[in-house]
Colleague: 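Starting off with a structure, shown below.
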Amino acid sequence: MCLKISPMLVLQVIRDNKKEIAAALKKRNLDADTLLENVLELDEKRRALQTEMDQTLAQSNKLSKEIGMLYKTGKAQEANTLKEQTTALKEASKKMGEALNAVSDDLDNALYLIPNIPHTSVPSGNSEEDNEEVYKEGDIPKLMEGALPHWDLAKKYDIIDFELGVKITGAGFPVYKGKGARLQRALISYFLDKNTQAGYTEIQVPYLVNEASGFGTGQLPDKEGQMYHVQADDLYLIPTAEVPVTNLLRDNILNLNDLPICYTGYTPCFRREAGSYGAHVRGLNRLHQFDKVEIVRVEQPENSYQALNSMVEHIKEILKELNLPYRILRLCGGDLGFTSALTYDFEVFSTAQDRWLEISSVSNFESYQSNRLKLRYKDENGKTQLAHTLNGSSLALPRVLAGILENYQTKEGIRIPDVLIPYTGFDIID
RNA sequence: GGAGAGGUGCCGGAGUGGUAACGGAGCAGAUUGCUAAUCUGUCGACGCGCACGUGUCGCAUGGGUUCGAAUCCCAUUCUCUCCGCCA
């Protein structure tokens with residue numbers, strides 16, 4: 001008989017720190033008391049059931065051994081008597097097993113409703129308006145008379161064709177042409193080079209993932225609607241490289257000296273994105289398919305926030321090289337993703353649109369993902385511990401492109417940032 | 001798509017009905033006059049116990065047969081080899 005057992009090391013943590021956790025979750029405007037209460041109740045129920053069943057099975061195992069011995073010594077008569085006893089035990093343990101499975105499922109489901117616990121530095125707040133600006137760099141350029149938003153520039157220079165994308169697929173699937181396509185490729189190469197120079201190992205991953213992968217990083221089951229689902233094969237188009245890349249380490253027990261693991265990878269990303277409309281989704285602002293270069297790290301818990309900072313510094317350096325005005329926000333509890341403990345958003349200023357555009361999101365998930373991924377390591381005492389996972393965009397292409405097009409436009413054409421010229425092979429789009 | 005073989009612990013690898021050999025890695029302890037060797041123990045998950053301990057589960061997954069299943073049966077799934085198709 002096999003039992004579904006959730007490896008929820010977090011349960012012990014919840015048991016011991018219920019009050020603190022409930023208080024921390026208040027930052028998400030979540031009344032966690034009942035959620036936690038429910039979990040603890042189911043947990044207790046489950047443990048009681050398991051103890052009971054273990055005892056029954058132990059007895060049954062013992063009898064089976066005795067029966068085996070009796071047969072061997074030719075005492076079939078006595079063996080048969082014992083057999084009768086085991087029947088009742090068997091039925092009882094079967095029922096207990098079913099009950100245990102049911103409670104375990106309930107417990108799992110109850111646990112999935114609890115989001116990650118926000119880091120102490122996370123500000124409370126309801127929406128993106130309450131996010132805390134922690135850094136700002138770069139001057140916002142004064143644009144020439146008649147400066148255009150990027151979708152008009154795209155048309156003027158014939159580098160991105162949104163209508164063509166509509167024809168062959170639908171809205172939100174742009175077609176890049178000529179120097180536009182080349183600039184995309186240049187950005188991807190440039191980002192990957194920067195990341196590998198910083199010590200991240202470049203990898204290429206599948207763009208379709210199975211359900212277990214979606215579950216591991218937290219897209220499933222709750223954010224199912226965000227992903228494109230290929231029904232015939234039950235696979236999902238990745239919404240970000242985070243999913244396949246982090247899942248590379250799923251079901252692993254790493255040695256201490258394997259850590260940290262630093263990966264970078266380029267993938268297209270696919271998002272169904274129900275919702276918004278109007279100018280906010282115009283042009284490159286929000287797409288169903290876009291390109292992104294991602295960085296992913298696996299760390300010992302005691303190093304993970306240092307790692308988060310180093311990721312932030314790394315992205316700052318790239319934006320500085322591109323000479324784009326940007327700011328960094330620390331997401332408030334209300335805006336923080338379900339699986340994240342602390343997230344910094346990078347936003348670049350889109351001059352012609354006069355608004356900030358998110359181009360990177362850097363998060364520490366602590367052990368939230370690794371718990372689902374069963375991603376562990378042996379600590380210095382040889383004890384198995386959950387690792388911490390982190391990831392960030394480095395960087396998302398469309399809005400960086402939008403920022404470049406708008407901020408670098410001149411009467412003569414769109415200038416290419418110096419660092420990109422070796423990659424594009426041209427210095428102006430005209 | 002057709003045919004065959006296979007899936008055993010962190011890794012390798014035995015095991016065809018009596019309750020997971022053996023080897024390696026890692027860790028812990030012991031020991032030896034030096035970056036090493038040797039010996040012993042430990043090794044995944046979930047419980048119970050203050051604790052020394054101890055119970056259950058784990059042989060791809062889910063069922064079934066049996067007092068007892070890695071082993072027998074059914075379904076599913078994945079991998080490999082050959083054929084077909086093909087970038």
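Hydrogens, waters and symmetry mates play no part in the numbers below; they use all other heavy atoms, side chains included.
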Colleague: Report the C-alpha distance between A/Asn247 and A/Arg250 in whole Å, list the side-chain angles of each, state the deciding distance to 0.1 Å, and finish with yes or no for side-chain hydrogen bond (donor to acceptor under 3.5 Å, both in side chains).
Modeller: CA-CA 5 Å; A/Asn247 272 281; A/Arg250 170 151 50 90; 2.7 Å; yes
Colleague: Does the A/Gln369 side chain pair with the main chain of A/Thr217, one donor and one acceptor, at a distance under 3.5 Å?
Modeller: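 Checked: pair present.
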Colleague: Can you tell me, in whole Å, how much space there is between the P of B/G55 and that of B/U19?
Modeller: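 Their P atoms lie roughly 16 Å apart.
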Colleague: Applying side-chain contact (heavy atoms from CB on, under 4.5 Å), name anything that partners A/Pro206, two or more places apart in sequence or on another chain.
Modeller: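 In terms of side-chain contact (heavy atoms from CB on, under 4.5 Å), with neighbours along the sequence ignored, A/Pro206 is linked to no residue.
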Colleague: Report the distance from atom CG of A/Asn371 to atom P of B/A45, rounded to the nearest whole Å.
Modeller: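 Taking CG of A/Asn371 and P of B/A45, I get 12 Å after rounding.
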Colleague: What integer number of Å spans the P atoms of B/C39 and B/C22?
Modeller: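 The same atom, P, in both gives a distance of 14 Å.
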Colleague: Whole-Å distance between B/G47 C1' and A/Glu52 CD?
Modeller: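 So the two atoms are 13 Å apart, to the nearest Å.
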Colleague: Between A/Arg399 and A/Glu347, is there a side-chain N and carboxylate O pair less than 4.0 Å apart?
Modeller: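 A/Glu347 and A/Arg399: not salt-bridged.
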Colleague: Is there a side-chain hydrogen bond (donor to acceptor under 3.5 Å, both in side chains) between A/Asn116 and A/Ser340 once you walk through the steps?
Modeller: CA-CA 6 Å; A/Asn116 204 345; A/Ser340 174; 5.9 Å; no
Colleague: Any idea which of B/G55, B/C57, B/C67 is nearest the A/Gln50 side chain?
Modeller: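 Nearest to the side chain of A/Gln50 among the choices is B/G55.
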Colleague: Report all interatomic pairs (protein N or O, nucleotide N or O of nucleotides 18-20 of chain B) with separations under 3.5 Å.
Modeller:
unit_1: B/G18; atom_1: N2; unit_2: A/Ser64; atom_2: O; d: 3.0

Colleague: Quantified in whole Å, what is the C1' atom distance between nucleotide B/G9 and nucleotide B/C82?
Modeller: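 It works out to 32 Å between them.
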Colleague: Relative to the 5' end of RNA chain B, which residue comes earlier, A/Leu63 or A/Gln55, by the nucleotide with the nearest heavy atom?
Modeller: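 Of the two residues, A/Gln55 wins.
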Colleague: When the C1' atoms of B/A69 and B/G58 are compared, how many Å lie between them, rounded to an integer?
Modeller: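 B/G58 and B/A69 have their C1' atoms separated by 14 Å.
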Colleague: Find every protein N or O atom lying less than 3.5 Å from an N or O atom of nucleotides 85-87 of chain B, and list the pairs.
Modeller:
none

Colleague: Hey, is A/Lys177 close enough to A/Asp158 for a salt bridge, meaning N to O under 4.0 Å?
Modeller: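 Judged by the 4.0 Å cut-off on N to carboxylate O distance, A/Lys177 and A/Asp158 do form a salt bridge.
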Colleague: Rounding to an integer number of Å, can you tell me how far A/Arg250 CZ sits from B/C10 P?
Modeller: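 These atoms are roughly 15 Å apart.
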Colleague: For A/Asn210 and A/Asp234, does a side-chain donor sit closer than 3.5 Å to a side-chain acceptor?
Modeller: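 Short answer, no.
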Colleague: Could you state the CG-P distance from A/Asn101 to B/U56, rounded to the nearest angstrom?
Modeller: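 Nearest whole value for this atom pair: 18 Å.
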Colleague: Would you check, one step at a time, whether the test ring-ring contact (aromatic ring centres under 6.0 Å, His included) holds for A/Tyr305 with A/His119?
Modeller: CA-CA 10 Å; A/Tyr305 279 95; A/His119 186 258; 4.3 Å; yes
Colleague: Can you check whether A/Arg46 has a side-chain N or O nearer than 4.0 Å to OP1 or OP2 of B/G47?
Modeller: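 Yes, A/Arg46 has a side-chain N/O under 4.0 Å of OP1/OP2 on B/G47.
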Colleague: What integer distance in Å separates A/Asp54:CG from B/G58:P?
Modeller: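 Computing the A/Asp54:CG to B/G58:P distance gives 11 Å.
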Colleague: How close or far is atom C1' of B/C78 from atom CD of A/Glu211, stated in whole angstroms?
Modeller: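 That distance rounds to 16 Å.
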Colleague: Expressed in whole Å, how much space separates the C1' atoms belonging to B/A14 and B/G24?
Modeller: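 Taking atom C1' in both B/A14 and B/G24, they lie 15 Å apart.
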Colleague: Please report the distance separating the C1' of B/G26 from the corresponding atom of B/C78, rounded so that it comes out in whole Å.
Modeller: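 Approximately 29 Å lies between the C1' atom of B/G26 and that of B/C78.
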Colleague: Quantified in whole Å, what is the P atom distance between nucleotide B/U16 and nucleotide B/C11?
Modeller: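 It works out to 23 Å between them.
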Colleague: Residues in side-chain hydrogen bond (donor to acceptor under 3.5 Å, both in side chains) with A/Asn195, at least two apart?
Modeller: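 Partners of A/Asn195 under the side-chain hydrogen bond (donor to acceptor under 3.5 Å, both in side chains) test: A/Thr264, A/His314, A/Ser394.
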Colleague: For the pair A/Lys156 and A/Asp152, find out whether any cationic side-chain nitrogen is under 4.0 Å from an anionic carboxylate oxygen.
Modeller: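 Result for this pair is no, no salt bridge flagged.
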Colleague: Counting just side-chain N and O atoms, does A/Arg376 come under 4.0 Å of either OP1 or OP2 of B/G44?
Modeller: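 Indeed not, no polar side-chain atom of A/Arg376 lies that close.
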Colleague: Taking the minimum atom-to-atom distance to the side chain of A/Ala58, which one of B/C57, B/G47, B/G55 wins?
Modeller: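 Selected nucleotide: B/G55.
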Colleague: A/Tyr190 vs A/Tyr423 aromatic rings, parallel, tilted or perpendicular, using cut-offs 30° and 60°?
Modeller: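 Taking A/Tyr423 first and then A/Tyr190, their aromatic rings stand perpendicular (interplane angle over 60°).
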Colleague: Passes side-chain hydrogen bond (donor to acceptor under 3.5 Å, both in side chains), A/Tyr377 versus A/Asp258? Steps please.
Modeller: CA-CA 9 Å; A/Tyr377 74 101; A/Asp258 294 329; over 6 Å; no
Colleague: Check step by step if side-chain hydrogen bond (donor to acceptor under 3.5 Å, both in side chains) holds for A/Asn126 and A/Asn29.
Modeller: CA-CA 7 Å; A/Asn126 299 314; A/Asn29 310 312; 3.2 Å; yes
Colleague: Given Watson-Crick or G-U pairs with both distances under 3.5 Å, what dot-bracket string fits RNA chain B, with | for other-strand pairs and [ ] for crossing?
Modeller: ((((((((.[[[..)..(...]]].(((((.......))))).(((((....)))))..[[[[[..)....]]]]])))))))....
Colleague: If I pick the C1' atom on B/G62 and the same atom on B/U77, what distance separates them, to the nearest angstrom?
Modeller: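 One C1' to the other, the span is 10 Å.
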Colleague: Please answer whether the main-chain N or O of A/Arg272 pairs with a side-chain N or O of A/His288 as donor and acceptor at a distance below 3.5 Å.
Modeller: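 Between the backbone of A/Arg272 and the side chain of A/His288 there is a qualifying donor-acceptor contact (under 3.5 Å).
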Colleague: How many Å lie between CG on A/Asp251 and P on B/G58, as a whole number?
Modeller: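 Computing the A/Asp251:CG to B/G58:P distance gives 18 Å.
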Colleague: Output yes when A/Lys94 and A/Glu91 qualify as a salt bridge under the 4.0 Å nitrogen-oxygen rule, no when they do not.
Modeller: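 No, this pair does not count.
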Colleague: Return the value, rounded to whole Å, for the distance between atom OH of A/Tyr377 and atom C1' of B/C10.
Modeller: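 In whole Å, B/C10 C1' and A/Tyr377 OH are 16 Å from each other.
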Colleague: Dump every N/O contact between nucleotides 48-54 of chain B and the protein below 3.5 Å, one line per pair.
Modeller:
unit_1: B/C48; atom_1: OP1; unit_2: A/Arg47; atom_2: NE; d: 3.2
unit_1: B/C48; atom_1: OP1; unit_2: A/Arg47; atom_2: NH2; d: 3.3

